[in-house]
Amino acid sequence: MWFLSGEPNQTTIQKAVDAFGSSNPDNKIAVTYFQNDAYKTKIKTAIGAGQAPTIVYGWGGGTLKTYAEANQVEDLTSWFEANPDLKNKFFPASFGAATVNGKIYALPNQYVAPVVLFYNKELFEKAGVQPPKTWDDVMSLVKIFNDMGVAPFSLGGQSRWTSMMWLEYLLDRIGGAEVFKAIFEGKPNAWMDPAVIETGTKIQELVSADGFIKGFSSITADSKADQALLFTGKAAMLLQGSWTYGPMKKEGQNFVQDGKLGFVAFPTVAGGKGDPKNGVGNPAQYMSISAKATDKEKETAKKFFKDGILTDTVIDAYINSGSVPIVNGIEGKLATSPDKDFLNFVYDLAKNAPNFQQSWDQALSPTAAEALLNNIDQLFLKSITPQQFAENMNATLGK
Amino acid sequence: MSSTTTHRAATAPRKIEQIGQQKSALAWLTVPALIFFVVFALAPLVGVLVLSFANWDGIGAIGAAGLENWSSVLTDPGLYNALGLTFLIMIVSWLVQTPISLLLGVFTAGTQRYRAALAVLYFLPLLLSSAAVAIAYKALLDPNFGLAMGLGLPFLAQDWLGVPQLALGLVIFVIAWQFVPFHTLIYQGGVRQIPKSLYEAAQIDGAGIIKQFFHITLPQLKYTIITSSTLMVVGSLTYFDLIFVLTGGGPGNSTRILALDMYLRGFRANLMGPASVIAVILVVIGLVLALFLQRLGGKDKQGSQLEGL
């Protein structure tokens with residue numbers, strides 16, 4: 001099995017695998033860890049070469065679809081039917097991105113990770129301002145923080161999917177969930193929606209107003225520099241996945257423990273059609289079983305899926321690191337956690353969202369996703385106009 | 001010399017008998033090299049050529065695509081951007097690296113002890129892997145947590161890797177930093193091969209150090225310069241690891257050179273067909289450049305520069 005490196009999840013998974021190994025000494029699982037961005041490339045190459053690990057970790061959606069259509073991953077539909085207890089253990093919404101053409105190809109696991117707007121409470125108190133509720137608030141905060149000599153927003157722009165989160169939320173707030181739904185379904189000219197152009201325009205206005213920290217386009221999210229900028233007080237706000245809460249708690253020198261980390265939902269846009277309760281992010285992470293694995297390996301993997309991957313110990317570990325596992329009936333556990341404010345916020349956001357949009361780069365096919373990330377990079381650099389962005393993306397529909 | 005000549009004369013009759021056998025034996029000796037060449041160079045090359053006419057996402061089945069990949073890549077402005085950047089980096093790198101490594105090579109060829117000590121320092125970057133170099137530079141140049149802020153030198157805190165022109169310049173600088181030591185080594189060897197008698201004769205004729213450099217060192221280094229330039233120019237087509245780690249082709253597409261473009265198309269966007277088209281283009285450019293540089297050396301390759309010595 002391959003998994004992503006980085007704490008606190010690496011320890012959690014290693015413990016789960018070790019526990020599974022000691023109770024199943026004949027069917028141990030070996031884990032190798034990779035950095036996020038490197039993993040995404042490596043797993044594709046390995047699957048193409050028929051050298052995939054037995055358990056294929058991923059984010060579901062468009063990438064899983066290419067695997068499923070090439071018969072590289074096992075169809076788990078009947079297995080889930082045979083194990084209804086397991087299926088009912090998870091949030092129902094988490095199965096959406098695991099399903100391709102009506103069949104389930106992956107086990108949802110880990111946690112739900114909406115993208116939220118984090119802010120540094122200390123800096124907000126110093127400036128005497130409130131976190132933004134509307135886009136107009138955002139633009140006025142940008143001016144206030146720049147005058148204070150603090151960057152308004154931290155952003156790991158070289159990773160590109162970080163910039164994408166801004167577009168995901170903005171497009172949803174401006175045009176509603178239907179705009180991306182049409183894009184996802186490959187409807188003709190879906191990217192040419194006026195909401196896309198308005199989203200691009202708003203982003204470029206924010207860039208022009210120095211909304212993002214100096215050098216954002218050379219900062220990577222893998223190095224967690226974007227988080228460090230927030231907790232060291234160099235930037236006031238950060239739009240990131242809820243999974244950054246754990247690392248910030250661990251590495252932020254009591255920034256989180258002292259209650260200096262604030263979090264709110266993404267602001268609304270005046271005249272926008274989107275429901276302000278809508279969320280974007282990862283509905284879950286996913287694990288599939290390679291079709292190339294031997295029967296014995298497949299059995300071990302299924303046993304691990306059933307008994308080893310979301311045990312009570314693992315669930316507690318996720319909650320302790322500030323994440324909301326995707327299992328039903330955890331309200332009680334969340335309420336007693338020292339991180340209950342954040343956990344309840346994430347839980348409510350995920351549960352109450354009328355539409356929870358999966359990250360675009362995971363939902364779309366790898367070909368369209370790469371074009372998307374490349375164009376987003378150029379949009380943030382202002383080397384293309386919003387109109388060109390829409391046209392370039394429109395050419396990728398159906399690819 | 002004299003001992004080998006007598007040895008040769010003595011064994012001459014036996015040699016004639018053996019020539020036939022030796023020739024076939026020599027041919028057999030090339031087999032391992034030939035196998036490696038076919039398996040690791042020719043076969044992939046043919047594979048890439050075939051793939052450039054195919055549809056493949058790297059995971060599923062391979063299907064025929066005809067000329068579709070070629071027409072889509074050749075009409076893509078991204079290709080010309082990548083080509084332009086590749087040649088720009090190649091030319092500027094050559095212009096920057098050649099004089100520096102030539103001068104450093106001449107300097108370190110001296111036998112003074114302090115020069116030997118300095119040479120060791122100059123060669124240090126050669127020991128580091130490209131990825132390590134890139135990660136180190138990335139950390140040093142970080143505008144918020146990097147060297148400039150650490151030392152309190154705000155004028156150094158430019159957004160080195162975030163502004164297209166700066167990023168391109170920086171890439172060229174880091175490439176030079178990494179590869180100048182290697183070429184210095186080549187020039188050092190070249191300079192040490194030049195017979196002392198040439199310099200002694202020049203000194204007697206009253207030529208100063210600068211005249212000696214331009215009239216003896218440079219002409220004598222002709223083939224060294226060609227070798228080093230070939231390595232530099234053809235090597236610059238394959239710069240990948242350093243740029244990939246340093247900028248990932250960004251910001252935007254401002255450092256997305258051909259080799260990187262090929263990788264991103266193939267392994268990120270799952271478009272193995274178009275990526276193969278770019279691979280074929282890279283091979284052709286590399287071959288043409290290598291041949292051209294060899295021609296620069298003149299047709300008479302066997303000619304000696306030490307004639308009359």
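Order of the sequence lines fixes the chain letters, A, B, ..., with proteins taken first and strands second; residue numbering starts at 1 for each chain.
Residues of residues 263-286 of chain B having a heavy atom under 4.5 Å from any heavy atom of chain A, listed by number: Y263(B), L264(B), F267(B), R268(B), A269(B), N270(B), L271(B).
Neither the backbone nor the side chain of S223(A) comes within less than 4.5 Å of any heavy atom in chain B. Heavy atoms closer than 4.5 Å to chain B are found in the side chain of I219(A), but not in its backbone. In this structure, the portions of T66(A) lying under 4.5 Å from any heavy atom of chain B include both its backbone and its side chain. Interface remark: L373(A) contributes no atoms to any contact with chain B (heavy atom separation under 4.5 Å). Residue S365(A) does not touch chain B at all, counting heavy-atom pairs closer than 4.5 Å. Heavy atoms of K44(A) lying under 4.5 Å from chain B belong to its backbone as well as its side chain. Residue contact with chain B, scored on non-hydrogen atoms closer than 4.5 Å, involves the backbone and the side chain of A228(A) alike.
No more than 12 heavy atoms of other residues, nucleotides or ligands sit less than 6.0 Å from atom NZ of K65(A). Other residues, nucleotides and ligands place no more than 12 heavy atoms under 6.0 Å from the CH2 atom of W94(B). Heavy atoms from other residues, nucleotides or ligands lying under 6.0 Å from CD of E69(A) number more than 12. Within a 6.0 Å radius of NZ in K298(A), other residues, nucleotides and ligands contribute more than 12 heavy atoms. Within a 6.0 Å radius of CD in Q253(A), no more than 12 heavy atoms belonging to other residues, nucleotides or ligands are found.
Between chain A and the residues V163(B), N253(B), L141(B), D57(B), the most heavy-atom pairs under 4.5 angstrom are made by N253(B). Annotation: maximal heavy-atom pairing with chain B below 4.5 Å, among S218(A), A225(A), A368(A), occurs at S218(A).
In this structure, the side chains of S217(A) and D159(B) come closer than 4.5 Å at one or more pairs of heavy atoms. With contacts defined as side-chain heavy-atom distances shorter than 4.5 Å, the pair L161(B)/Q158(A) does not qualify.
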